Structure formats: C-alpha cells, structure tokens
Protein chains: 2
Amino acid sequence: MINVAIVDDHKILTEGLRSLIAESTIATVVGVAHSAAECRLSLGFWKPDVLLLDVGLPDISGLDFCKEIKEQFPEISVLALTTHNEYAIVRQMLDNGASGYLIKNAMADEVMAGIEAVAAGETFLCHEVDLLMKRPAEKNIWLSPRERELLLLISEGLTNTEIAEQIFLSPETIRGYRKNLLLKLGAKNTAVLVKMAIEQKLI
Amino acid sequence: MINVAIVDDHKILTEGLRSLIAESTIATVVGVAHSAAECRLSLGFWKPDVLLLDVGLPDISGLDFCKEIKEQFPEISVLALTTHNEYAIVRQMLDNGASGYLIKNAMADEVMAGIEAVAAGETFLCHEVDLLMKRPAEKNIWLSPRERELLLLISEGLTNTEIAEQIFLSPETIRGYRKNLLLKLGAKNTAVLVKMAIEQKLI
DNA sequence: CGGCCTTACCCCCAAAAGGGGGTTTTTATT
DNA sequence: AATAAAAACCCCCTTTTGGGGGTAAGGCCG
C-alpha cells in the first residue's frame, strides 16, 4: 500500500482526491494539509511515500516548498498537481526535486498511474505535460538567473538607470540585457515582454 | 430537491463536487460537463435549477458563457465557482447574470449554502469574495469599456500611432487615455500598467 | 438643469526605450 | 584544453513614452 499525503488549498479538490484514492486498492491517504505551514507540522509524522503538491499554495510558492521537502525528506517522492502547464514551472519543479507532474484537468486514472509510478522511483509526466516538454526548443524559453532577475525588475517598472543603481552595473549593461530579453522572447517592446513573462510564468 | 449541473474542466474537482452534493439531502447532480461546448449540448435536456460554472473553461471564457446561458435559459441560476478572487472578474460575472460566486478554496458547507441560496433566488457570495466587494472603492479599480480596449491594445505592444490607426482616433487622444490609465491604476509606466492589468484581470 | 463621467482632442519638452553595431571576461562543461 | 554560454560593457541615432499643462462635445442621472 502506498502512503499518500496531499497539500492543496482547494478543499473541494482534496476531498475529491481523498475519495478517489480511498476507492483504489494501491494507495491510502495518510494526511491532508491546506497550506505549506500546516503540512510542515505533520509531514514527519505522516511519513508518506508520495506527496501530492499544489504549486499555487497560499503561503509560499510550491516550487520553494518542494525544494524544502526534498532537503528534509529526500525519501518522499513529490508529485506536483497543479493548474499550470507552463514550461518554466514544470522545469523548475523538476529541478527542485519533483518526481512527477500532473495537471488538474487530468483524468482520475492518470492520478493513480502517477502515484504508482513515482512511488516506484520512476519519473511521471501526465500526457499534456509530456507533450509540452518535448516541444521544439524555441517554444520552450529558458532564461538564466540573471535574466530572470532583470525581467522581474523591468516588470516592476524600474528604468535602466534605476536597475543599474540597484544592482551596481552600468546602465549600458542593463540595456544589453533588455535587448536580449526582447530578442529571446520575441517581444516587440516592454509591454509585450511583461505580458509574456507573466503568461509564461517566468517571474 | 435542487437539480444541479456542473461545468468545469478539472475532472478531479467535478468528482469531488459530485460526491459532496450526492451526500447531501437538498440537491442532486443532474449533469457534468468539462467544457462549454459539451455543456451546450446537454443543458436543455438536464434542466438544472443551479449551474456551477468555472470561469477558466478551456474553450470560451466563463464570463461570456454565463451571459449566453442567461440569455437562453434565464430561469437557471448560475453559481460561479472559480480560483479567481479579483474584483474585475467577480463584477463582470455578476453583471453577466451570475447569482453567486464561490472561490475554490471555500469550505464544502459554503458550496452547499451557495447552492441553496441561489436556488431560492437569492444572491450568494462566499466570505472572501464578500470582503473583496466591500473594500474601499479606490482598491477596486473599474474601467470604462473604452479604457479596457485601450489597455488591451497597449498590452499587445501597439504604439500610440498604431492604436490610433487601428481604431480611427487621433494619436493625441490615445496619449490621453494612456496617461489616464497610468493615473487610475497608479502605475509608473507601461511595464507596471501591463502587469497590474493582468494581475487584476482587467484585460 | 447642473453636475459628472466618458470620449475625444491639442501643445511643449524631457526622459526613456529600441535598433544597429560592437568588445571582453568569467564560468561551466565537456 | 577547447568551446560555449553567461555576464558585463560601450557608442550612435531614432522613436516612443511620460509629465505638465490644457479644451470641449455628448450622455446620464438625480
């Protein structure tokens, strides 16, 4: 029997999952939390094999929480269960130690297949996410940490000069990064750049 | 017995709702659809009293779909059930004829209370949304249709001149709108304007 | 019928962004 | 040790934006 814990703030969804897993013969729910804080308190006690983790938690980012869990409990397999099917989110989640990724509109049988696979130490991506990760590279934009930092500052409305002062670089360097970001994302100007950054969850 | 239909692409969530309602004594589920298209085919046949409607449908916006339903079946009470708790979305949903608004992290008992209230012809807002709607006016920004149109074009990266050509106005007029949008949203520049527009779901 | 909001228009000028072309150094990864 | 990528820097010039001022017609509502 696979021990499963769930962290998601959508109470209706956790109830749905709970009964779905309860009806199966391969897994059992050992705990449910509705926030990262609540989960931290009980995780050591629950000792799950698999943790179903939502990215959009109310208190901290699921990305950071996944990292935290894998550091403290490397033996737990994290299976992300979210509404996002953006490349940047999936990639960061896997980089942070997640073993699998399901999107919430997946079928019930994909959830069970995912639980079984990650419990056995395999990596599991649901169909839609699998397709996403295999897309041609030019559609799956990936930025360096510095580029993401700059993108964030730009989206906060700082000018090149202000950014330069804040991170102790030359304004000309910032211009260079900005031009490169426009090029990489194929954006016409800052308005589109910010829109794409948010849509693709790059910031 | 209240007849309830559900439209939501998150299959796990619809299953959770189905069992939640099935366990109650006041309502029964007469149908479930996972897209607007699927719902259109069956709605006349199901004849529900209450329709639980997700805003984030895969095919069309739940906002438009709500309007469509209320035009064709004004006797059905629409209860929005979504992840968004942005003023602009709630307001448009209610303007389009919805009788109530629940966010997905609401408790199970709020869902049942909502179904009961809207079936009785009342308006129902879950606790969090109720607080949101009662906030001071300056926090709940509302734009005229023209302003929203301009905001959309700006976020698509069009310059003042390009917008002027597209909607047959003087570039100076566009400048005026742009300045006013910056003022209304309290944005420093276009980057922040676009970010706020997306975050507050104004476009 | 007098506000008030929306829509639409205009000028001046400074600041910022964008298009084009480059160079160098450090840091991974093979 | 070779190479690739990231990070940092520079100049010229044009277009676009933003800050500051305005004006005025038409609709809505109490």
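Throughout, protein chains are lettered first and strands after them, A, B, ... in sequence-line order, and every chain is numbered starting at 1. A quick note: this is a predicted structure, and the numbers were derived from the prediction, not measured.
Going from atom CZ of A:Phe168 over to atom P of D:dA7 covers 18 Å, rounded to whole Å. The separation between A:Glu147 atom CD and D:dA7 atom C1' is 9 Å, rounded to whole Å. Rounded to whole Å, the distance from CG on B:Leu182 to C1' on C:dA16 is 14 Å. The distance from atom CG of A:Leu181 to atom P of C:dG18 is 11 Å, rounded to the nearest whole Å. At whole-Å resolution of the value, CD in A:Glu165 and P in C:dA16 are 10 Å apart. Rounding to whole angstrom units, CG of residue B:Leu183 and C1' of D:dG20 are separated by 13 Å. In this structure, B:Ile174 places its CD1 atom 14 Å from C1' of D:dT16, rounding to the nearest Å. Atom NZ in B:Lys179 sits roughly 14 Å away from atom P in D:dT23 (whole-Å rounding).
Distances from the side chain of A:Tyr177 to the nucleotides D:dA8, C:dA8, C:dC11 place D:dA8 closest. Closest approach to the B:Arg175 side chain among D:dG19, C:dT7, D:dA8 is made by D:dG19 (side chain taken as heavy atoms from C-beta onward). Closest to the side chain of A:Lys184, out of C:dC9, D:dT17, D:dA6, is D:dA6. Distances were taken from every side-chain heavy atom of A:Thr159 (C-beta onward) to each of D:dC9, D:dA7, C:dA16; the shortest belongs to C:dA16.
B:Thr190 comes within 4.0 angstrom of sugar-phosphate atoms only, judged by non-hydrogen atoms across all strands, and of no base. At a threshold of 4.0 angstrom between heavy atoms, the contacts of B:Thr173 include nucleobase atoms, whether or not backbone atoms are also involved.
The phosphate of C:dC10 (OP1 or OP2) has a side-chain N or O of B:Ser170 nearer than 4.0 angstrom.
Look at B:Glu75 and B:Lys70 and you find no salt bridge, because none of the NZ, NE, NH1 or NH2 atoms lies under 4.0 Å from a carboxylate O. Classification of A:Lys195 and B:Glu156 as a salt-bridged pair fails, no side-chain N sitting under 4.0 Å from a carboxylate O. A salt bridge does not link A:Glu147 with A:Arg178: none of the charged nitrogens is closer than 4.0 Å to a carboxylate oxygen.
Counting only heavy atoms from C-beta outward, the side chains of A:Ile167 and A:Leu153 approach each other to under 4.5 Å.
Nearest-nucleotide positions on DNA chain C place B:Ser144 closer to the 5' end than the other of B:Asn189 and B:Ser144.
Residue-to-nucleotide contacts include no donor-acceptor pair under 3.5 Å from the side chain of A:Arg178 to the base of C:dG18.
For the pairing with B:Glu86, the salt bridge (Lys or Arg N to Asp or Glu O under 4.0 Å) check across B:Arg135, B:Lys201, B:Arg91 returns one residue only, B:Lys201.
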